[in-house]
Structures are given as structure tokens and as C-alpha cells.
Amino acid sequence: MDVVLLQRRFSEYLTSLFNEGFLDEQFKQLQELQDENSPDFVFEVVTLFFEDSERLLNELAKALVQPSVDFQKVDAHVHQLKGSSSSIGAGRVKDVCIHFRNFCEEQNIEGCLRCMQQIKHEYSLVKNKLENLFRLEQQIIQAGG
């Protein structure tokens with residue numbers, strides 16, 4: 001495929017991720033830190049985010065099914081997830097984390113469980129979208145761009 005066409009597709013796709021709220025300005029700042037000395041910087045940071053998020057989501061799932069939910073522990077996990085999603089610019093995940101933390105403060109298990117489902121959904125979406133973005137980027141490189 002033509003490099004120019006791939007670059008256009010990449011640019012349009014990235015713009016759609018911003019327009020739909022999947023990514024925010026922090027992602028642009030991450031991209032600005034990438035240079036020829038660290039050409040895979042964004043990919044590496046996002047991969048760490050994926051790994052950390054998977055671990056946190058598993059911890060959250062375990063904590064929320066305990067007979068007596070430790071809301072402080074749940075909140076600590078959500079706080080970590082909020083921080084890591086914020087650091088890569090995953091805006092929609094971060095926004096759900098904010099609501100989740102409010103439910104933790106209220107010790108509202110139903111609200112927490114709803115937010116858990118929302119976070120899993122938003123995380124899955126942003127992971128899929130970022131993986132698609134990185135695939136497009138690799139296609140550009142393979143095409144000589």
C-alpha cells in the first residue's frame with residue numbers, strides 16, 4: 001500500500017481517537033518524547049500500561065467479590081489505574097476511574113461493580129484501538145515511511 005495513503009489513514013485514525021475521547025493531550029505529549037534515539041518509546045510505555053492495567057483489573061475483580069469488600073484497597077487499585085491511564089492519555093478509562101473512586105468513598109458496592117464493568121469495557125476498547133494504531137504505524141514503516 002502507498003506510504004502516503006497509510007500515513008493519511010494513520011493520521012485520520014489518530015484524530016478519531018482524540019475526537020471520540022479515547023485519547024487526550026497527554027498522549028500527544030508522549031508522542032513528543034519519542035525521537036530517533038527512542039523510536040519505540042510510545043509503544044513501550046503503552047505496553048507497560050497494558051501490563052499494569054491487566055494486573056490492576058485482576059486485583060480489582062478479586063477485591064470486589066470478597067464477602068467483606070475493603071473499599072480502601074479497591075480505591076487504591078482504582079487510584080493506580082487512574083494514574084496510569086492518565087499518564088498515557090487514556091481519557092475515557094481515567095474518567096470512569098474518577099466515578100469509581102467516588103463510589104469507593106461512599107462504599108457503594110453496586111456503583112463499584114457497575115464501574116468495574118465500565119472500566120473493563122473502556123480498557124478493552126482503548127487497548128484494541130491502540131493496538132490498531134501501532135499496527136498502522138508498523139505498516140507505514142514496512143512500506144518505507
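For the single chain, residues carry numbers from 1 onward in sequence order.
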Inset, instruction - Scan residues 26-48 for pairs that pass ring pair (Phe, Tyr, Trp, His ring centres under 6.0 Å), counting only residues two or more places apart or in two chains. - result: Phe43-Phe134
Inset, instruction - Report yes or no: does Gln34 contribute a side-chain atom to a donor-acceptor pair with the main-chain N or O of Pro39 at less than 3.5 Å? - result: yes
Inset, instruction - Please check if the side chain of Ser16 supplies one atom and the backbone of Tyr13 the other of a donor-acceptor pair under 3.5 Å. - result: yes
[Y] and [X], any side-chain heavy atoms less than 4.5 Å apart:
| X | Y | result |
| --- | --- | --- |
| Asp2 | Leu6 | no |
| Phe100 | Val74 | yes |
| Val69 | Cys112 | no |
| Leu136 | Arg9 | yes |

Provide the full list of side chain to side chain donor-acceptor pair (under 3.5 Å) pairs with a residue in [range], sequence neighbours left out, each pair given once.
| range | result |
| --- | --- |
| residues 111-123 | Glu54-Tyr123, Arg92-Glu122 |
| residues 36-47 | Asp35-Ser38 |
| residues 64-79 | Asp75-Arg101, His79-Arg101 |

Please report the interatomic distance [atom1]([X]) to [atom2]([Y]), rounded to the nearest 0.5 Å.
| X | Y | atom1 | atom2 | value |
| --- | --- | --- | --- | --- |
| Asn108 | Asn102 | CG | CG | 10.5 Å |
| Gln7 | Ser11 | CD | OG | 9.5 Å |
| Cys97 | Gln80 | SG | CD | 11.0 Å |
| Phe49 | Ser85 | CZ | OG | 5.5 Å |
| Glu131 | Leu133 | CD | CG | 11.0 Å |
| Phe50 | Leu130 | CZ | CG | 5.0 Å |

Legend entry - Working for side chain to side chain contact (heavy atoms under 4.5 Å, CB included), residues Leu56 and Val78: CA-CA 8 Å; Leu56 288 168; Val78 175; over 6 Å; no
Inset, instruction - Name all pairs fulfilling the salt bridge (charged side-chain N to carboxylate O under 4.0 Å, His left out) condition that reach into residues 10-27, sequence neighbours left out, sorted by first residue then second. - result: Asp24-Lys94, Glu25-Lys28
Inset, instruction - Report the residues that fulfil side-chain contact (heavy atoms from CB on, under 4.5 Å) with Leu48, sequence neighbours left out, ordered by chain and then residue number. - result: Glu51
Legend entry - side-chain contact (heavy atoms from CB on, under 4.5 Å) partners of Asn58, counting only residues at least two apart: none
Inset, instruction - Mind listing the closest non-hydrogen atom pair of Phe71 and Cys104 along with its distance? - result: CB-O, 3.7 Å
Inset, instruction - Would you name the heavy atoms of Ile88 and Leu30 that are closest together and state the gap between them? - result: CA-CD1, 3.7 Å
Inset, instruction - Could you check Thr15, Leu5, Ile140 and say which one makes a side-chain contact (heavy atoms from CB on, under 4.5 Å) with Phe10? - result: Ile140
Please check if [X] and [Y] belong to a single hydrophobic cluster, counting links between Ile, Leu, Val, Met, Phe, Trp and Tyr side chain heavy atoms closer than 4.5 Å.
| X | Y | result |
| --- | --- | --- |
| Ile109 | Met116 | yes |
| Val42 | Leu14 | yes |
| Leu33 | Phe18 | yes |

Inset, instruction - Please report the C-alpha distance between Leu81 and Leu57 in whole Å, then the side-chain angles of each, then the deciding distance to 0.1 Å, and finally whether the side chain to side chain contact (heavy atoms under 4.5 Å, CB included) criterion is met. - result: CA-CA 8 Å; Leu81 185 58; Leu57 289 171; 4.1 Å; yes
Legend entry - Residues in side chain to side chain donor-acceptor pair (under 3.5 Å) contact with Asn128, at least two apart in sequence or another chain: Asn132
Legend entry - Residues which pass salt bridge (charged side-chain N to carboxylate O under 4.0 Å, His left out) with Glu137, listed by chain and number, not counting sequence neighbours: none
Legend entry - salt bridge (charged side-chain N to carboxylate O under 4.0 Å, His left out) partners for Arg55, two or more places apart: Asp52
Inset, instruction - Can you establish whether the number of heavy atoms outside Gln29 located under 6.0 Å from its atom CD is more than 12? - result: yes
